[in-house]
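Keep in mind that the numbers below use all heavy atoms, side chains included, and drop hydrogens, waters and symmetry copies. This structure is a prediction, so every number in the text was calculated from the model and none was measured.
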Amino acid sequence: CPAGCSGSAPLSFPGWERRAGCSPGSRQIQLWHFILELLQKEEFRHVIAWQQGEYGEFVIKDPDEVARLWGRRKCKPQMNYDKLSRALRYYYNKRILHKTKGKRFTYKFNFNKLVMPNYPFINIRPNGEWGGQG
DNA sequence: TCCGGAAAGT
DNA sequence: ACTTTCCGGA
């Protein structure tokens, strides 16, 4: 797998990402895991970032780039934001995410309802959005 | 831009 | 089960 696959496991979720990337033995990383992963890394803040003020809300600042990165991770070079956002929409019924209506490219994690109860070991540490000044 | 059905791939 | 692909509709 080309760049971006090795050493990019900042969150040590047990079993989530055995071998990141495209190799046959790699687990199928889920999109919301991947989103959380990007959100955690400061180097992607120009691409995706937590929304100030709203807990769990994030903005995709560069949809094409997020899609490109996701496509790279999943070895789907034809990935684009249209397809990625369809996958995000499937999370609405699953109560993982919902859309922040009226705000472009803005979604919100249902941390209270789903994520925290099921994954209490997730430590949401955005790099300075709501803990400090950034 | 965003939605969600439908079909297909893994 | 979790997308990926495609698309008509709002």
- Message: Looking at A:Arg89, I'd like to know whether one of its side-chain N or O atoms comes within less than 4.0 Å of OP1 or OP2 on B:dG4.
- Response: no
- Determine, for A:Lys103 against A:Glu54, whether the closest basic-nitrogen to carboxylate-oxygen distance falls under 4.0 angstrom. no
- Item | Closest-nucleotide ordering on DNA chain C, the 5'-leading residue of A:Met79 and A:Asp82 | A:Met79
- Taking the six-membered ring for Trp, are A:Tyr81 and A:Phe105 ring centroids under 6.0 Å apart? yes
- Message: To the nearest 0.5 Å, what is the distance between CD on A:Gln52 and CD on A:Glu57?
- Response: 11.5 Å
- Can you tell me if A:Lys76 uses its side chain to pair, donor with acceptor, with the backbone of A:Arg68 under 3.5 Å? no
- Query: Would you say A:Tyr81 reaches B:dT1's phosphate, i.e. side-chain N/O to OP1/OP2 under 4.0 Å?
  - Reply: no
Tabulate protein N/O versus nucleotide N/O from nucleotides 6-10 of chain B, keeping only pairs under 3.5 Å, one per line.
from, atom 1, to, atom 2, distance (Å)
B:dA6, N6, A:Tyr90, OH, 3.3

- What is the distance from NZ of A:Lys83 to P of B:dT1, rounded to the nearest Å? 16 Å
- Message: Using only atom types and a distance under 3.5 Å, with no angle test, would you say the side chain of A:His46 pairs donor to acceptor with the backbone of A:Glu43?
- Response: yes
- Do A:Lys99 side-chain atoms and A:Thr106 backbone N/O form a donor-acceptor pair below 3.5 Å? yes
- Message: Taking A:Leu97's backbone N and O only, do any of them form a donor-acceptor pair with A:Lys108's side chain (distance below 3.5 Å, no angle check)?
- Response: no
- Assign A:Phe34 to base, sugar-phosphate, or nothing according to its heavy-atom contacts below 4.0 angstrom with the strands shown. nothing
- Task: Please work out whether the ring planes of A:Tyr91 and A:Trp32 are parallel, tilted or perpendicular, with thresholds of 30° and 60°.
- Result: perpendicular
- Message: Quick check with a 6.0 Å cut-off and a 45 degree axis cone: is A:Arg86 positioned over the face of A:Tyr90's six-membered ring?
- Response: yes
- So CG of A:Asn80 and CH2 of A:Trp70: to nearest 0.5 Å the spacing works out to 13.5 Å
- Leading and trailing nucleotides of DNA chain C with any atom under 4.0 Å from heavy atoms of chain A: C:dC2 to C:dC7
- B:dT1 P sits how many Å from A:Ile60 CD1, rounded? 12 Å
- So what does A:Leu31 touch, heavy atoms closer than 4.0 Å: a base, only the sugar-phosphate, or nothing? sugar-phosphate
- Pick base, sugar-phosphate or nothing for A:Lys99, based on heavy-atom distances below 4.0 Å to the nucleic acid. sugar-phosphate
- Task: Can you measure from CZ (A:Phe58) to CD1 (A:Ile48) and round to the nearest 0.5 angstrom?
- Result: 5.0 Å
- In whole Å, what is the span from the CG atom of A:Asn93 to the P atom of B:dC2? 18 Å
- Item | Secondary-structure string, 5' to 3', Watson-Crick or G-U under 3.5 Å, | for another-strand partners, for DNA chain C | ||||||||||
